[in-house]
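Some notes on the structure that comes next.
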Amino acid sequence: MALSDPVRAWRKSSVSENTSCVEVCLSDDAVLVRDSKCSDGFLLTIGAPGWQYFLSAIQRDQEVFRVK
C-alpha cells in the first residue's frame with residue numbers, strides 16, 4: 001500500500017488546529033507516524049506494544065510530555 005493510499009486513515013491531533021503536526025495511522029500490528037507537512041516523506045513504524053507503552057507513559061506522567 002502506498003503512503004497516500006486512501007485506505008489508510010491518517011489522523012492529526014485536534015489540538016493542532018491548522019498548523020503542521022505529526023499524523024498517525026493505526027494498522028493491524030503497528031502505528032505509522034509521519035510529518036503532516038511532508039506526507040510522502042519518511043515514515044516511522046512503531047510496534048503495537050511500543051505504542052501502548054508510549055501512551056501509558058503519557059497518561060502516567062502528563063507533565064513530562066506537556067508542550068508549553
Side-chain angles (χ1 to χ4, degrees):
M1 229 186 302
L3 292 181
S4 59
D5 192 319
V7 173
R8 287 197 173 156
W10 289 97
R11 300 180 198 182
K12 185 166 40 168
S13 171
S14 60
V15 297
S16 68
E17 297 173 4
N18 290 328
T19 60
S20 298
C21 192
V22 295
E23 296 175 315
V24 297
C25 177
L26 305 177
S27 73
D28 292 336
D29 57 353
V31 175
L32 309 173
V33 182
R34 70 181 183 186
D35 183 344
S36 65
K37 296 179 304 217
C38 187
S39 60
D40 289 331
F42 292 104
L43 179 67
L44 177 64
T45 303
I46 303 170
W51 186 255
Q52 189 59 47
Y53 180 82
F54 173 70
L55 294 179
S56 295
I58 290 172
Q59 291 170 348
R60 212 174 34 247
D61 194 1
Q62 292 181 3
E63 273 302 309
V64 172
F65 294 100
R66 184 166 292 149
V67 177
K68 297 183 183 194

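None of these values were measured; they are calculated from a predicted model.
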Side chain to side chain contact (heavy atoms under 4.5 Å, CB included) filter on A30, not counting sequence neighbours, yields S27, T45

Those residues at least two apart in sequence (or on a different chain) that pass side chain to side chain contact (heavy atoms under 4.5 Å, CB included) with V22 are V33

Once rounded to the nearest 0.5 Å, what's the spacing between atom [atom1] of [X] and atom [atom2] of [Y]?
X: L43; Y: C25; atom1: CG; atom2: SG; result: 8.5 Å
X: R60; Y: Y53; atom1: CZ; atom2: OH; result: 5.5 Å
X: D35; Y: F42; atom1: CG; atom2: CZ; result: 11.0 Å

Which of V24, L32, L26 passes side chain to side chain contact (heavy atoms under 4.5 Å, CB included) with W10? It is L32

From the list K12, R11, R34, side chain to side chain donor-acceptor pair (under 3.5 Å) with E23 holds only for R34

